[in-house]
Amino acid sequence: MELISTDQTIKCFHCGDDCVNEVIRFDQKQFCCHGCQSVYQILSTNGLTTYYDLESNPGISGTSQDQHKFDYLGNREIALKLLDFSSEHLEKVRFSIPSIHCSSCIWLLENLRLLNQGVLSSRANLAERELSIDYDPSSISLKQVVGLLTSIGYEPAINLEQRKSDKDHAGNRELILKIAVAGFCFGNIMLLSFPEYLGLDLGIDSQLASWFSWIILVLSFPVLFYCAQGYYRSAINGLKQGYLNIDVPIALGIIALAGRSYYEIIFKLGPGYLDSLAGLLFLLLIGQWFQHKTYQNLSFSRDFKSYFPLAVNRLQDGIEQVVLVDDLMPKDVIAVRHQELIPADSILLDQTAAIDYSFVSGESQLVSRGQGELIFAGGKHTGTKAHYQVTKPVSQSYLTQLWNHQAFNDEKYDPRQLKINIISKYFTTVVMLIALVSAGYWLVVDPSQSLFVFTSVLIVACPCALAMATPFTLGHAVREFGKNRLYLKNAQVVDQMSKIGTIVFDKTGTLTKAKSKLIFSGDMSDLQAKLVLALTEHSNHPVSQSINVHLKSLHPDPSPQPSVTDYQEQAGRGISANIDGHRVKVGSSSFIGSDITQDIAGTYVSINEQVLGGFYYQSQFRRGLTGMVKDLAQKFKLTLLSGDKDHQKQLLIDQFPEFNSLHFSKSPMDKLEFVESEQHKGDRVMMLGDGLNDAGALQKSEVGIAVTENPQHFTPASDGILHASALGKLGSFMKLASWSQYIILMGIGLSFLYNVVGISFAVSANLTPLTAAILMPLSSISVVVFTTLAVKLVAVRLKLA
Amino acid sequence: MLLIVALIFISLLIALGFLWAFFWAVKSGQYDDTETPSRRMLFDDRTNSKNSIKTN
């Protein structure tokens with residue numbers, strides 16, 4: 001099979017994509033499709049071409065031209081669910097618009113009112129990819145607002161259930177506030193401790209010293225009771241579940257520090273260690289915040305509902321009615337238009353339809369289906385409007401029942417596995433032992449020092465530095481990954497990645513590009529090609545049209561126009577006609593009467609009953625895979641799981657001999673179960689997939705990575721989103737993840753050294769507030785510096801930086 | 001020397017004022033989107049967009 005290269009590099013003025021199939025010239029500019037051209041036209045007629053000045057090629061390709069997609073918004077009940085505010089002359093709504101990506105987008109969207117007078121104002125949020133619109137319902141309806149957005153390429157992703165909650169914000173805001181409070185108290189306590197640090201004798205004015213102490217004491221309350229809350233809670237939770245997590249010694253240290261300091265201040269025995277307490281929490285909270293790097297604009301938790309339509313047109317007594325998909329019942333008849341998703345397993349009632357399963361399999365190619373055939377939910381209907389009879393409710397369909405699996409309810413991550421919490425168990429025990437033994441020793445030697453030593457050990461051994469090693473290392477690793485276009489859901493994923501044994505790849509859309517190419521296999525002269533071109537010109541069938549476009553790109557000059565007579569179209573099978581005296585047929589192998597037994601679904605061509613060959617969709621592998629696979633094979637078991645038939649098996653074996661096993665014809669549930677069976681063998685699994693059919697496996701695996709060509713587009717729920725262009729770096733990613741574990745261990749070792757020094761001060765009853773105030777931040781800061789530099793160094797070595 | 005104590009209290013009050021301002025800023029969502037405003041300020045005022053309507 002040969003591949004046809006496309007060396008055309010005409011860039012679309014609107015979206016910047018290469019114009020592959022056709023070039024539309026308009027207003028002295030080139031466009032890749034009518035969608036792009038029409039958006040340009042709308043903007044230029046409204047004087048909004050500044051859009052193109054702010055950034056080059058800011059537009060969004062693949063603008064949906066379907067006018068009926070949002071018909072359901074005409075239903076007041078549904079519309080009300082979306083509106084934030086509604087009155088006679090003002091309605092407020094907030095949309096999530098995944099295609100917002102640049103300054104031009106903000107500019108255009110905030111100038112919506114220039115396109116339609118009914119829009120009162122609009123405000124974009126680039127970070128979250130949201131748009132808030134206020135409009136006057138008496139002059140524009142919600143449906144029209146959405147239509148307006150769609151017409152300029154900003155189609156909102158409408159989802160009734162998963163309206164973005166502000167919960168995430170609340171958590172993040174609270175942490176920031178805690179840091180602010182801790183920092184505020186830390187700074188002021190340190191200022192007031194200066195006389196103490198400098199050993200100034202406030203002598204006669206010992207009253208002043210006691211004022212200072214009391215102010216410090218008051219300043220420590222918010223730290224102790226507000227900032228440290230999370231640590232108490234986590235420690236208690238850990239203890240309740242019967243294990244000593246890292247927060248137990250931290251909480252112990254905090255309480256020992258505070259108790260001891262209050263005792264000293266109240267009884268005027270000394271200045272206390274409250275500066276250390278505030279500093280400790282300040283640093284700990286910063287560590288938490290650092291680890292909490294989030295990619296706000298990416299969604300890691302989409303299920304099928306994010307892809308499926310909210311409502312469909314149900315046919316009742318011959319009248320189309322908009323109903324929510326959840327209300328669909330078996331036996332209902334629905335009308336599905338061009339480019340609409342079929343929401344439930346259904347039977348095709350019309351003669352023929354072409355279905356695009358790209359949401360499900362990740363591969364965009366059209367499949368022809370005939371009357372009475374079962375169509376699985378998730379397929380996109382292409383072509384003229386067709387009717388389907390629902391056979392199963394939406395939640396019970398072949399694809400969607402996947403979400404009923406237990407894997408979607410299980411908490412994936414167990415903090416007990418974190419190295420720091422394993423170490424913490426021993427650490428806490430040892431520290432308590434040392435504290436008790438030394439307290440016992442001093443009880444014999446000098447009973448007055450006993451309690452002092454006991455608390456000193458707990459204070460100085462407080463594993464602040466220990467607790468910093470993990471968040472800073474993982475936080476840096478997440479950032480390095482992000483720079484290389486692997487966006488992780490949270491820092492724990494790095495930890496999980498370091499323990500992986502098996503890597504499972506999906507084939508279509510993951511190893512191969514999402515857009516497959518139409519190729520012709522066989523012999524066809526130029527003259528014959530023109531005959532086929534003339535034939536396909538007459539059919540509206542999507543497959544014929546893509547063949548037509550393909551041939552046109554090879555034979556741009558159609559003259560002389562051949563004469564077509566006796567044109568026939570057999571639904572779901574093929575087309576035929578007499579052209580310039582030749583009998584030309586294009587269609588399925590049975591239609592052609594071909595004896596080619598290819599197991600690839602192809603569209604065959606015959607002229608005068610002589611079979612010339614067939615058109616196939618061929619997928620292309622992404623770049624940089626060979627090296628990546630070779631690299632990974634040294635350390636991991638590699639498996640390929642594909643939903644396709646095995647016609648490419650030999651090609652795959654030749655290309656990637658390193659794969660340990662290849663599995664084909666796997667259903668979404670099979671994929672999930674395969675991952676499960678690997679896990680039962682004691683392996684930790686990383687799954688890379690892209691379509692909804694991988695959603696179960698992504699969920700079940702320890703690390704599920706969604707591979708996509710545009711991270712803002714649809715990706716199933718996952719632990720990370722990998723830009724397809726960075727797939728070749730997977731080997732380096734895995735190495736950095738496992739290196740991060742060594743770095744954490746080294747950081748922990750470093751903090752142990754400080755602990756040994758500190759404890760030796762403590763057991764010998766020599767721990768002064770000043771030593772504590774120096775030693776504790778010093779150890780934390782050196783751990784932070786060490787982990788930062790180490791991760792950077794490794795990233796540079798792995799060529800990730 | 002009580003003057004120093006008084007001054008310290010005043011300085012603490014001022015600092016608390018700033019802390020309160022920060023709380024207010026965070027809680028009113030001013031830090032939720034730090035990206036859009038930074039770009040929005042670069043746009044030219046739309047004075048000429050209305051009269052440059054459609055030439056083709």
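These numbers were taken from a predicted model, which means no experiment stands behind them. First the proteins, then the strands, lettered A, B, ... as listed; each starts at 1.
Between Leu177(A) and Phe23(B), the closest side-chain pair of non-hydrogen atoms falls below 4.5 Å.
Relative orientation of the Trp211(A) and Phe9(B) rings is perpendicular, given thresholds of 30° and 60° on the angle between their planes.
To the nearest 0.5 angstrom, Leu12(B) atom CG is 6.5 Å from Leu192(A) atom CG. Atom CG of Asn188(A) and atom CG of Leu16(B) lie 8.0 Å apart (nearest 0.5 Å). The line from OG1 of Thr36(B) to CD of Glu130(A) is 10.0 Å long, rounded to the nearest 0.5 Å.
Leu191(A) does not touch chain B: none of its heavy atoms, backbone or side chain, sits under 4.5 Å away. Contacts between Leu42(B) and chain A at a heavy-atom distance below 4.5 Å are absent for every atom of the residue. Of the atoms belonging to Asn125(A), heavy atoms from both backbone and side chain fall under 4.5 Å from chain B.
Between Ile106(A) and Arg39(B) the shortest heavy-atom distance is CD1-CD, 3.9 Å.
Proximity of a side-chain donor or acceptor of Arg40(B) to a complementary backbone N or O of Ala124(A) within less than 3.5 Å is detected.
For residues 215-222 of chain A, a heavy-atom distance under 4.5 Å to chain B picks out Ile215(A), Leu219(A), given by residue number.
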